**Q** 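I'd like to ask some things about the structure below.
Because the structure is a prediction, the values reported are computed rather than measured. Each chain gets a letter, A, B and so on, in the order the sequences are listed, and its residues count up from 1.
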Amino acid sequence: MPDHILVAVAWPYANGPRHLGHVAGFGVPSDVFARYHRLRGNRVLMVSGTDEHGAPITYGADSEGVSAQEFADRNNEIIVKELQALGLAYDIFTRTTTCNHERVVQDLFRRLYEAGFIEPQTVLGAFSPSTGRTLPDRYVEGTCPICGFPEARGDQCDNCGNQLDATDLINPRSRLNGEVPEFKQAEHFYFELPAFAAELERWVRRQKHWRPNVRNFTLRLLEDLKPRPITRDLDWGVPIPLPGWQERPDKRIYVWFDAVMGYLSASIEWAHNRGTPEAWQEWWRNPNSRGYYFMGKDNITFHTVMWPAILLGVGELNLPYDVVATEFLTLEGKQFSTSRGHVIEVSDFLSRYDPDPLRYYLISAGPETSDSDFTWAEFLRRNNDELVGTWGNLVHRTLVNAQRNFGGVPEPGELSERDQRVLDQVEAGFDSVAELLEAAHFKAALAEALRLAALVNQYLGEEQPWHAIKTDRRRAATTLFVAVHCVDSLKTLLTPFLPFTCQHLHELLGYGDVLAPQPQLSEQLEQCGRSHLVLGGGAGYEEQDRWQPSRIESGRRLPVPEPLFKKLEPTIVAAELARLAGGD
RNA sequence: GGCGGCGUAGCUCAGUGGUAGAGCGCACGACUCAUAAUCGUGUGGUCGGUGGUUCGAUCCCACCCGCCGCCA
């Protein structure tokens, strides 16, 4: 009986291209996990999309002189193509500006409101007189009333550290355009988080399988929950679905509140698009389904507190089973910074290098349990020593020897103890790698697969089929038969990590089917008349368990092999560092 | 300022209440089928500092130093 696995991937904000830190956090680990479960034959639903509402989108649009929708469209397309190029095989990657999303968000809002979990409150907020838009506290600056620091922000003074209200500032002005903001009373809706505190705490305490940092951080958050605003004075976002509010052009649902609901709305859209409108319930209402949420650590609170509280408030929807938060990736020792040019964008990287080496790096040296650093020197080393040297070389020497001497998979003689041992060792990987992957220990899982590749290199070195071929052809045939089996098995173990090159290898091994599907872009037309880009469809799920040791038959003809990976020149390190410095 | 994280071999990182591991580097050796790719052996750390709890701490607690992040 296959499992239902929801892979809920954090929604990238549509304010520009994604960099390596972003995809190290939410992207690659979630895809490895989803691909593993699909190979296993489990029913995976992997959902995400671009998060397109909120004030920063309107500011970005203003600075480029386009509408918020145009700005979001542009960035959605950029991001979708980056994720596709990385081989992230979503079942659906959609957006928050679809009619479907708006409908789902409004429905959830109404249900929470009717259940009494949403309350109105009146607050004093800053507005920009020239644009009529609300100005978040942190965009107001002025003189600190406590220490006199002239550039204090509306939420806190950077000089003396005191918490402030924007209304406290002397000579307040907008950090966006310098004008004097206007302060007005405004009515907003608040989500009653404290109503869920006790139930959330009981739930979190039971989640012993969570990463400790996620669990501890969440338990601390739960000690002090306050009602949280879920509407804003803004003209860009989902309208508030209440009489007298729905039509107002200046009030919208706060972006965080609508964004987390995307997991559900995307699942519903996926079900609708494939003509089975109720199918999403298999992942959301089936008690045996497990939901795994992937994100960077800055997003933990939304996934362990806010979203679970919403789910509890609405009822009859599964809470997350695991919340897999990744730490931060730095770049050459410093934080990524788009504005300072200290950044490597995904598309820029992929214009010069292949996706699998990047995926390999982001898993093997990524910020899984603590912050980690991307350096070009380490990327070069990982590519050349590990991908090319250990794994790529094992594949190539095995295939070259088998193909050149036997034209394909050789007919073996009797297996020796040594032959059987290496086969057993590799076969054991199907359990050990699976166990690590299911526990979201990606780094260890990949290291385990590579360790097995090294064992096969060792085996070849001992058996030396290139010598035996001259004296004992049958012995050489047996060794290469064993080696081909090992390579074929390791191919399966590595497919979640390296989908492009494992598909290539699959073909070099003479298979004609698709082992590692890649996501496709399509245009989706909604009933409301709008259309949008969707990434997905290339994945689906297998009905069979392909996570099995090789059964490749002897006698199969193999094509002339070609290398899976490119060895990189050491000179790229200096060149890339110079490129980075040029961006500063 | 508040909160949090980190500090383990030259480097990048795992890890555990019973005085530590991997990969790389380095040294030497084997091999030369393979993208000069592989394989073996060896080298290497008073686990940031000081106290405390404990029969015993790198792992728990307190403080300190250093680095980083969040609140911003």
**Q** How long is the line joining CD1 of I469(A) and C1' of A34(B), in whole Å?
**A**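 Value for this atom pair: 15 Å.
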
**Q** Within this structure, what is the OH-to-C1' distance between Y459(A) and A30(B), rounded to whole angstrom?
**A**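 Checked: the OH to C1' distance equals 19 Å.
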
**Q** So L221(A), base contact, sugar-phosphate only, or nothing? Heavy-atom distance under 4.0 Å.
**A**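 Answer is nothing: L221(A) stays at 4.0 Å or more from every strand.
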
**Q** What is the separation between atom CD on Q464(A) and atom P on G40(B), rounded to the nearest whole Å?
**A**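 Computing the Q464(A):CD to G40(B):P distance gives 14 Å.
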
**Q** Let me know, please, whether K443(A) or N384(A) comes out on the 5' side of the other along RNA chain B by nearest nucleotide.
**A**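 The residue mapped nearer the 5' terminus is K443(A).
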
**Q** What interatomic distance, in whole Å, is found between P of C11(B) and the corresponding atom of G45(B)?
**A**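 That atom pair is separated by 13 Å.
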
**Q** Rounded to whole angstrom, note down the C1' distance from U12(B) over to G25(B).
**A**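 Result for the C1' pair: 11 Å, nearest Å.
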
**Q** Tell me if a side-chain donor or acceptor on H342(A) pairs with a main-chain N or O of L331(A) at a distance below 3.5 Å.
**A**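 It does hold such a pair.
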
**Q** Determine the contact category for D373(A): base if any of its heavy atoms lies under 4.0 Å from a base atom, sugar-phosphate if only primed atoms, P, OP1 or OP2 are that close, otherwise nothing.
**A** sugar-phosphate

**Q** So, R397(A) versus N457(A): side-chain donor-acceptor pair below 3.5 Å or not?
**A** yes

**Q** Sticking with atom C1', work out how far G10(B) lies from A27(B), rounded to a whole angstrom.
**A** 14 Å

**Q** Just the rounded figure in Å: distance from P of C13(B) to CZ of F374(A).
**A**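 Nearest whole value for this atom pair: 13 Å.
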
**Q** Rounded to whole angstroms, how far apart are CG on L460(A) and C1' on C31(B)?
**A**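 Value for this atom pair: 13 Å.
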
**Q** Which nucleotide in the set U35(B), U12(B), A34(B) lies at the smallest distance from any side-chain heavy atom of V388(A)?
**A**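 Among U35(B), U12(B), A34(B), the one nearest the side chain of V388(A) is U35(B).
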
**Q** So if I take residues 360-368 of chain A and measure heavy-atom distances to RNA chain B, which residues fall below 4.0 Å?
**A** none

**Q** Using a cut-off of 4.0 Å on non-hydrogen atoms, how would the nucleic acid contact of R404(A) be classed: base, sugar-phosphate, or nothing?
**A**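 Sugar-phosphate contact only - R404(A) comes under 4.0 Å of backbone atoms but never of a base.
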
**Q** Step through it carefully: locate the ring centre of F196(A), locate the ring centre of W307(A), and say whether they are under 6.0 Å apart.
**A** no

**Q** On RNA chain B, does the nearest nucleotide to Q458(A) precede the nearest nucleotide to L564(A) from the 5' side, or the other way round? Give the residue.
**A** L564(A)

**Q** Check side chain to side chain contact (heavy atoms under 4.5 Å, CB included) between E201(A) and all other residues, then give those that pass, not counting sequence neighbours.
**A**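 Partners of E201(A) under the side chain to side chain contact (heavy atoms under 4.5 Å, CB included) test: R205(A), L219(A), L222(A).
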
**Q** Provide, to the nearest angstrom, the distance between the CG atom belonging to L331(A) and the P atom belonging to G69(B).
**A** 13 Å

**Q** What's the spacing between N401(A) CG and Q403(A) CD if we round to 0.5 Å?
**A**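 That separation rounds to 10.5 Å.
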
**Q** At under 4.0 Å, does any side-chain N or O of H467(A) touch on OP1 or OP2 of U32(B)?
**A**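 Yes, H467(A) has a side-chain N/O under 4.0 Å of OP1/OP2 on U32(B).
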
**Q** Could you tell me the separation between the CG atom of L480(A) and the C1' atom of C33(B), rounded to a whole number of Å?
**A**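 It works out to 9 Å between those atoms.
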
**Q** Write down the distance separating the C1' atoms in C6(B) and G44(B), rounded off to the nearest Å.
**A**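 Straight-line distance between the two C1' atoms is 24 Å.
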
**Q** Select base, sugar-phosphate, or nothing to describe what F217(A) touches, counting heavy atoms under 4.0 Å on all strands.
**A**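 Result for F217(A) = nothing.
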
**Q** Taking the side chain as every heavy atom from C-beta outward, state whether F33(A) and V324(A) have any atom pair closer than 4.5 Å.
**A**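 Side chain of F33(A) against side chain of V324(A), heavy atoms only: no contact under 4.5 Å found.
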
**Q** What contact category does E386(A) fall into here, base, sugar-phosphate, or nothing, at under 4.0 angstrom with non-hydrogen atoms?
**A**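 Result for E386(A) = sugar-phosphate.
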
**Q** Dot-bracket for RNA chain B, 5' to 3', counting Watson-Crick or G-U wobble pairs under 3.5 Å, with [ ] for crossing pairs and | for inter-strand pairs?
**A** (((((((..((((.......))))((((((.......))))))....(((((.......)))))))))))).

**Q** Are any side-chain N or O atoms of T398(A) and backbone N or O atoms of A483(A), one a donor and one an acceptor, separated by less than 3.5 Å?
**A** no

**Q** Over how many whole Å does the gap from N457(A) atom CG to C39(B) atom P extend?
**A**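 Roughly 5 Å, once rounded to whole Å.
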
**Q** Side chain of N401(A) only, please: which of G23(B), C33(B), U38(B) is the nearest?
**A** C33(B)

**Q** Flag this pair as yes if the NZ/CZ of R228(A) is under 6.0 angstrom from the six-membered ring centre of W256(A) and inside a 45 degree cone about the axis; otherwise no.
**A** yes

**Q** For A444(A), answer base if it contacts any base atom (sugar-phosphate contacts may also be present), sugar-phosphate if it contacts only those atoms, and nothing otherwise; contact means non-hydrogen atoms under 4.0 Å.
**A**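 Result for A444(A) = nothing.
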
**Q** Do the side chain of W11(A) and the main chain of E52(A) share a donor and acceptor less than 3.5 angstrom apart?
**A**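 Side chain of W11(A) to backbone of E52(A): no pair is present.
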
**Q** Could you tell me the separation between the CD1 atom of I552(A) and the CG atom of L558(A), rounded to the nearest 0.5 Å?
**A**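 Result: 6.0 Å between the selected atoms.
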
**Q** Would you please say whether a donor-acceptor pair under 3.5 Å links the side chains of Y511(A) and D488(A)?
**A** yes

**Q** Between U35(B), C39(B), U32(B), which nucleotide has the shortest distance from any of its atoms to the side chain of A454(A)?
**A** C39(B)

**Q** Which part of the nucleic acid, if any, lies within contact of S372(A), taking any heavy atom under 4.0 Å across all strands shown: a base, the sugar-phosphate backbone alone, or nothing?
**A** sugar-phosphate

